[in-house]
Amino acid sequence: MEKRYSNGKRLQLLQGDITKVSADAIGNAANSGLRGGGGVDGAIHRAGGPAIMAELDRIRAQQGGCPPGQVVVTTAGELPAKFVFHAVGPIYRGGEFGEAQQLASCYRRCLELARQHGVRRLALPSISTGAYGYPLEEASAIAVETVDAYLQQDDSLLETVVFVLFDKASFQAYARALERRMIK
């Protein structure tokens, strides 16, 4: 599924493995300790090799971890990309603790970093919907709305943002969210 914009940008949805998608940068659903983990984070570290963790070790030595809503950048190691944007999403606690704003911030920061690093193709996962428990329908609406609004006004080198969703349920939730945005 794809949305095309009058400025030449594209927003795409793809069901698959983000570690196999060719892009200038890929997003990672990281934890605040920047120490690797399960899900998307574990897959990225396994596929990308030790260079990614070596850079995260240096970042942790300089600044400690990374708070929810923020993003740090590393090499992509052996992945088919130049950069990994490690976005720390919120742990869902009922939606009363700024989780929506933190989740939107993750996507905005990835887009801003794409601009800063001259990224043309950015692949993003569904952030916080695994172990962090963010309800998929709500998270997909926030993700699609944030990226869609950005692409409508973006004038950077960024050409394509592709949400790479691991399973069918995630893909369908993002497709519904994108369809709602296209109707508006």
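- Ala114 and Leu122 get closest at one heavy-atom pair: CB-CD2, 4.2 Å.
- For the pair Thr129 and Ala139, the tightest heavy-atom approach, listed with the atom from each and the gap, is CG2-CB, 3.3 Å.
- In terms of hydrophobic clustering, with Ile, Leu, Val, Met, Phe, Trp and Tyr side chains grouped at heavy-atom distances under 4.5 Å, Leu103 and Ile26 are assigned to different clusters.
- A pairwise comparison of heavy atoms in Met182 and Glu2 identifies CE-O, 3.9 Å as the closest pair.
- Separating the OH atom in Tyr107 from the CD1 atom in Ile127 is a distance of 4.0 Å, to the nearest 0.5 Å.
- Using a distance-only test at 3.5 Å, with no hydrogens or angles considered, no donor-acceptor pair links the side chain of Ser105 to the main chain of Gln101.
- Asn7 is not listed as a side-chain neighbour of Asp155, based on a closest heavy-atom distance of 4.5 Å or more.
- Not one N or O on the side chain of Asp41 forms a donor-acceptor pair closer than 3.5 Å with the backbone of Ala30.
- Residue pairs satisfying the salt bridge (Lys or Arg N to Asp or Glu O under 4.0 Å) criterion with at least one member in residues 64-74, sequence neighbours excluded, are absent.
- Between Glu145 and Arg180 no salt bridge is recorded (no basic side-chain N to carboxylate O distance below 4.0 Å).
- Taken from CD1 in Ile142 to CD in Glu99, the straight-line distance is 9.0 Å, to the nearest 0.5 Å.
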Inset, instruction - Might you work through the side chain to side chain contact (heavy atoms under 4.5 Å, CB included) test for Met1 and Leu178, ending with a clear yes or no? - result: CA-CA 9 Å; Met1 180 171 204; Leu178 184 55; 3.9 Å; yes
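- Salt bridge Arg115/Glu112: absent, no basic N to carboxylate O contact under 4.0 Å.
- Here the closest non-hydrogen pair linking Tyr174 and Ser126 is OH-OG, 2.9 Å.
- Expressed to the nearest 0.5 Å, how far CG of Leu136 lies from CZ of Phe171 amounts to 12.5 Å.
- One finds the CD atom of Glu179 at 9.0 Å from the CG atom of Leu13 (value rounded to the nearest 0.5 Å).
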Under 3.5 Å, which donor-acceptor pairs link side chains of residues 62-73 to any protein atom two or more places apart or in another chain?
unit_1 : atom_1 : unit_2 : atom_2 : d
Gln63  : NE2    : Gly65  : O      : 3.3

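- Applying the side chain to side chain contact (heavy atoms under 4.5 Å, CB included) rule to Gln152 yields the partners Lys3, Tyr5, Asp148, Arg181; only residues at least two apart in sequence or on another chain are considered.
- Residue pairs meeting the ring pair (Phe, Tyr, Trp, His ring centres under 6.0 Å) criterion with at least one partner in residues 118-150, sequence neighbours excluded, are Tyr92-Tyr134.
- One distance of note links OG1 of Thr75 with CE of Met53; it measures 13.5 Å at 0.5 Å rounding.
- Contact detail for Ala173 and Ser140: the closest heavy-atom pair is O-OG, 3.4 Å.
- Looking only at side-chain heavy atoms (C-beta outward), Gln12 and Arg121 come within less than 4.5 Å of each other.
- Within the 3.5 Å criterion, the main-chain N or O of Arg93 finds no donor-acceptor partner in the side chain of Glu96.
- Closest approach of Ala29 to Val40, counting heavy atoms only: N-CG1, 4.1 Å.
- To the nearest 0.5 Å, atoms CG (Leu111) and CG (Leu151) are separated by 6.5 Å.
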Could you pull out all donor-acceptor pairs under 3.5 Å where a side-chain atom in residues 76-91 meets a protein atom, sequence neighbours excluded?
unit_1 : atom_1 : unit_2 : atom_2 : d
His86  : ND1    : Asn28  : ND2    : 3.0
His86  : NE2    : Thr74  : OG1    : 2.8

Just distance, no hydrogens or angles: give the donor-acceptor pairs under 3.5 Å from side chains in residues 158-167, sequence neighbours left out.
unit_1 : atom_1 : unit_2 : atom_2 : d
Glu159 : OE2    : Arg120 : NH1    : 3.0
Thr160 : OG1    : Arg10  : NE     : 3.4
Thr160 : OG1    : Arg10  : NH2    : 3.3
Asp167 : OD1    : Ser170 : N      : 2.8
Asp167 : OD1    : Ser170 : OG     : 2.7

